Amino acid sequence: METDQEESTAGVSPGNREWEEPWILEHPRFKEMMAMDVADHAQVYAAFLVYMDLLEVRNWQDLQIHGSSELHFIYLHGLEKEGCIPQLIIPTPVSMSYSHERIQQFLKLNCTLEEAQSVSSILLAIVESDSTVVYYKLTDGFVIPDPPDFIEDMDSKQWRKKRQRQLR
């Protein structure tokens with residue numbers, strides 16, 4: 001599986017509830033996620049922080065909250081930018097570990113969504129206790145990378161040097 005990584009701020013500490021801010025417990029979206037009753041409190045808290053990060057910091061659009069009682073977790077579905085392909089986001093606290101089988105279940109879940117993509121991928125959002133969210137894009141198999149933004153850059157000396165440094 002291929003991974004891409006980004007970082008942002010928002011966090012969760014497993015176990016106790018001292019990390020929760022009082023305003024979060026009163027937030028309508030947090031209450032909505034808790035009312036779904038499909039995941040434990042730490043996963044709901046992580047889902048809420050990822051939801052807020054994507055909506056408020058990264059300006060995602062049409063962000064929807066879903067729950068899976070079969071898989072016991074909350075996931076998000078939305079658009080990074082207007083006109084982009086909808087993405088499935090799996091929020092998780094850093095303390096949770098996943099097997100290959102579990103990740104395959106997530107990928108299958110993405111295929112069942114009505115707006116399924118041609119390339120099966122998910123965005124795994126890992127929420128750390130120090131208020132950090134790390135995003136990994138997981139795909140089912142290899143994916144050919146996008147070409148450079150400017151084709152003429154490929155002929156430049158600077159681009160070739162940069163490419164050689166990346167290959168080392």
Side-chain angles (χ1 to χ4, degrees), residues 1-14 17 19-36 38-68 71 73-96 98 103 105-140 143-151 153 159 162 166:
M1 284 188 213
E2 179 180 86
T3 62
D4 292 332
Q5 175 178 342
E6 289 182 45
E7 290 189 20
S8 180
T9 58
V12 64
S13 175
R17 294 174 131 184
W19 37 265
E20 288 179 347
E21 297 291 330
W23 68 268
I24 292 174
L25 297 174
E26 299 302 318
H27 196 281
R29 292 294 183 208
F30 184 79
K31 288 181 177 181
E32 178 185 339
M33 290 179 189
M34 287 299 292
M36 288 181 172
V38 295
D40 67 1
H41 193 79
Q43 202 271 329
V44 171
Y45 188 71
F48 175 75
L49 292 174
V50 171
Y51 175 85
M52 294 301 290
D53 181 59
L54 293 174
L55 195 64
E56 300 293 330
V57 178
R58 298 179 179 277
N59 298 316
W60 277 49
Q61 300 177 6
D62 195 27
L63 200 56
Q64 301 167 9
I65 301 166
H66 300 278
S68 172
L71 299 175
F73 75 101
I74 291 177
Y75 61 96
L76 307 171
H77 189 251
L79 301 170
E80 185 173 5
K81 296 175 190 164
E82 188 74 31
C84 286
I85 297 173
Q87 294 186 49
L88 179 77
I89 303 98
I90 307 292
T92 182
V94 72
S95 60
M96 290 185 101
Y98 294 116
I103 292 171
Q105 289 174 335
F106 295 153
L107 289 167
K108 286 178 187 172
L109 177 69
N110 191 32
C111 292
T112 62
L113 293 173
E114 56 194 56
E115 301 166 349
Q117 308 178 51
S118 59
V119 176
S120 185
S121 69
I122 59 174
L123 200 59
L124 185 63
I126 303 170
V127 182
E128 177 61 78
S129 61
D130 69 350
S131 298
T132 302
V133 178
V134 178
Y135 295 93
Y136 285 94
K137 184 174 185 179
L138 304 176
T139 59
D140 192 12
V143 176
I144 298 172
D146 293 331
D149 291 335
F150 301 101
I151 300 298
D153 285 349
W159 186 85
K162 182 179 177 183
Q166 290 175 344

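Please read these numbers as outputs of a predicted model, since none were measured by experiment.
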How long is the gap from [atom1] on [X] to [atom2] on [Y], to the nearest 0.5 Å?
X      : Y      : atom1 : atom2 : answer
Leu54  : Leu49  : CG    : CG    : 11.0 Å
Ile90  : Ile103 : CD1   : CD1   : 10.0 Å
His77  : Asp62  : NE2   : CG    : 8.5 Å
Ile122 : Lys137 : CD1   : NZ    : 11.5 Å
Met96  : Asp40  : CE    : CG    : 5.5 Å
Phe30  : Met34  : CZ    : CE    : 5.0 Å

Would you find a donor on one side and an acceptor on the other, under 3.5 Å apart, between the side chain of Gln43 and the backbone of Pro91?
-> yes

Sequence neighbours excluded, which residues qualify as side-chain contact (heavy atoms from CB on, under 4.5 Å) partners of Ile65?
-> Arg29, Glu32, Met33, Met36, Tyr51, Ile74, Leu76

Using the test side-chain contact (heavy atoms from CB on, under 4.5 Å), find all partners of Ala125 that sit at least two apart in sequence or belong to another chain.
-> Val50, Ile89, Val133, Tyr135

Residues in ring pair (Phe, Tyr, Trp, His ring centres under 6.0 Å) with Phe73, at least two apart?
-> Tyr75, Phe106

Determine, step by step, whether Ile24 and Tyr45 satisfy the side-chain contact (heavy atoms from CB on, under 4.5 Å) criterion, reporting the C-alpha distance in whole Å, the side-chain angles of both residues, the deciding distance to 0.1 Å, and the verdict.
-> CA-CA 9 Å; Ile24 292 174; Tyr45 188 71; 3.5 Å; yes

Partners meeting salt bridge (Lys or Arg N to Asp or Glu O under 4.0 Å) with Glu82 (sequence neighbours left out) | none

